[in-house]
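Structure record follows, encoded as C-alpha coordinates.
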Amino acid sequence: AVETITLIVRNETTGDFESITLTETGPDTGIFTTLTPLLSSPSAGLGTEDGTLHARAGDSLTVHYVDPLYGDSAATPRRSLCPARPKCSI
(Lines give C-alpha, C1' and ligand atoms only; values in the text may rest on other atoms or scores of the structure.)
Protein backbone atom coordinates (compact mmCIF):
# COMPACT_ATOMS: atom_id res chain seq x y z
CA ALA A 1 0.00 0.00 0.00
CA VAL A 2 1.09 3.57 -0.62
CA GLU A 3 1.97 5.25 2.68
CA THR A 4 2.41 8.83 3.86
CA ILE A 5 4.88 10.21 6.38
CA THR A 6 5.17 13.55 8.14
CA LEU A 7 8.43 15.42 8.52
CA ILE A 8 9.12 18.40 10.77
CA VAL A 9 11.42 21.05 9.28
CA ARG A 10 12.82 23.20 12.07
CA ASN A 11 14.86 26.36 11.74
CA GLU A 12 17.33 25.98 14.60
CA THR A 13 18.35 29.63 14.19
CA THR A 14 14.87 31.19 14.60
CA GLY A 15 12.97 28.36 16.30
CA ASP A 16 10.27 28.27 13.61
CA PHE A 17 9.07 24.88 12.39
CA GLU A 18 6.64 23.51 9.83
CA SER A 19 5.41 20.02 9.06
CA ILE A 20 5.22 18.57 5.58
CA THR A 21 3.58 15.36 4.41
CA LEU A 22 5.31 13.08 1.93
CA THR A 23 3.58 10.36 -0.08
CA GLU A 24 5.20 7.15 -1.21
CA THR A 25 5.78 7.01 -4.98
CA GLY A 26 4.12 3.58 -5.23
CA PRO A 27 3.27 0.54 -3.13
CA ASP A 28 6.20 -0.43 -0.90
CA THR A 29 8.83 1.61 -2.83
CA GLY A 30 10.22 3.29 0.30
CA ILE A 31 10.63 6.49 -1.74
CA PHE A 32 8.60 9.47 -0.55
CA THR A 33 7.99 12.83 -2.24
CA THR A 34 5.68 15.81 -2.13
CA LEU A 35 4.15 18.02 -4.79
CA THR A 36 3.44 20.74 -2.22
CA PRO A 37 6.58 22.81 -1.60
CA LEU A 38 7.49 24.17 1.80
CA LEU A 39 7.30 27.93 1.40
CA SER A 40 9.97 30.03 3.06
CA SER A 41 10.51 33.72 3.69
CA PRO A 42 13.12 35.87 5.44
CA SER A 43 10.38 38.20 6.74
CA ALA A 44 7.12 36.19 6.90
CA GLY A 45 6.29 32.93 8.62
CA LEU A 46 6.99 34.17 12.12
CA GLY A 47 4.45 31.79 13.68
CA THR A 48 5.01 28.05 13.96
CA GLU A 49 2.89 25.83 11.73
CA ASP A 50 1.61 28.82 9.70
CA GLY A 51 2.55 27.29 6.34
CA THR A 52 5.70 29.38 5.78
CA LEU A 53 9.10 28.60 7.25
CA HIS A 54 10.80 31.76 8.54
CA ALA A 55 14.31 31.22 7.12
CA ARG A 56 17.21 33.29 5.88
CA ALA A 57 20.23 32.26 3.87
CA GLY A 58 22.68 30.51 6.16
CA ASP A 59 20.15 29.55 8.85
CA SER A 60 20.53 26.05 10.28
CA LEU A 61 17.60 23.77 9.38
CA THR A 62 16.90 20.30 10.73
CA VAL A 63 14.55 17.77 9.16
CA HIS A 64 13.11 15.41 11.78
CA TYR A 65 11.17 12.19 11.25
CA VAL A 66 9.64 9.75 13.73
CA ASP A 67 8.58 6.34 12.46
CA PRO A 68 4.94 5.89 13.54
CA LEU A 69 5.24 2.10 13.74
CA TYR A 70 8.53 1.62 15.57
CA GLY A 71 9.10 5.03 17.16
CA ASP A 72 12.58 5.32 15.65
CA SER A 73 13.60 8.86 14.82
CA ALA A 74 16.09 10.56 12.55
CA ALA A 75 17.22 14.17 12.26
CA THR A 76 19.36 15.67 9.53
CA PRO A 77 20.89 19.14 9.96
CA ARG A 78 21.45 21.31 6.88
CA ARG A 79 22.40 24.89 6.06
CA SER A 80 19.55 26.79 4.46
CA LEU A 81 19.64 27.89 0.83
CA CYS A 82 16.63 30.10 1.60
CA PRO A 83 15.67 32.65 0.34
CA ALA A 84 17.98 32.40 -2.63
CA ARG A 85 15.17 30.39 -4.19
CA PRO A 86 11.40 30.82 -3.83
CA LYS A 87 11.19 27.39 -2.19
CA CYS A 88 13.49 26.00 0.48
CA SER A 89 16.10 23.49 -0.60
CA ILE A 90 17.42 21.34 2.19
Run Leu22 and Thr33 through side chain to side chain contact (heavy atoms under 4.5 Å, CB included) and show every step you take.
CA-CA 5 Å; Leu22 305 179; Thr33 187; 5.8 Å; no
Using the rule given for side chain to side chain contact (heavy atoms under 4.5 Å, CB included), can you reason through Thr13 versus Arg56, listing the C-alpha separation, both sets of side-chain angles and the distance that settles it, and then say yes or no?
CA-CA 9 Å; Thr13 306; Arg56 298 170 300 252; 4.0 Å; yes
For a side chain to side chain contact (heavy atoms under 4.5 Å, CB included) check, start with the C-alpha distance between Thr23 and Val2, then their side-chain angles and the critical distance, and finish with the verdict.
CA-CA 7 Å; Thr23 303; Val2 173; 3.7 Å; yes
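To the nearest 0.5 Å, atom OG1 of residue Thr21 and atom CZ of residue Phe32 are 11.5 Å apart.
The side-chain contact (heavy atoms from CB on, under 4.5 Å) search around Leu46 returns His54, not counting sequence neighbours. For Thr25, the side-chain hydrogen bond (donor to acceptor under 3.5 Å, both in side chains) test picks out Thr29, with sequence neighbours left out. With sequence neighbours left out, Thr14 forms a side-chain hydrogen bond (donor to acceptor under 3.5 Å, both in side chains) with Asn11. Annotation: side-chain contact (heavy atoms from CB on, under 4.5 Å) contacts of Leu35 (sequence neighbours excluded): none. Residues passing the salt bridge (charged side-chain N to carboxylate O under 4.0 Å, His left out) test with Glu49, sequence neighbours excluded: none.
With side-chain heavy atoms closer than 4.5 Å counting as contact, directly or through intermediates, the hydrophobic cluster containing Phe17 also holds Ile8.
The salt bridge (charged side-chain N to carboxylate O under 4.0 Å, His left out) analysis of residues 6-17, with sequence neighbours excluded, yields the pairs Arg10-Glu12. Pairs passing the salt bridge (charged side-chain N to carboxylate O under 4.0 Å, His left out) check and including a residue from residues 17-30, sequence neighbours excluded, do not occur.
You'll find the side chain of Thr52 stays beyond 4.5 Å of the side chain of Leu38, heavy atoms only.
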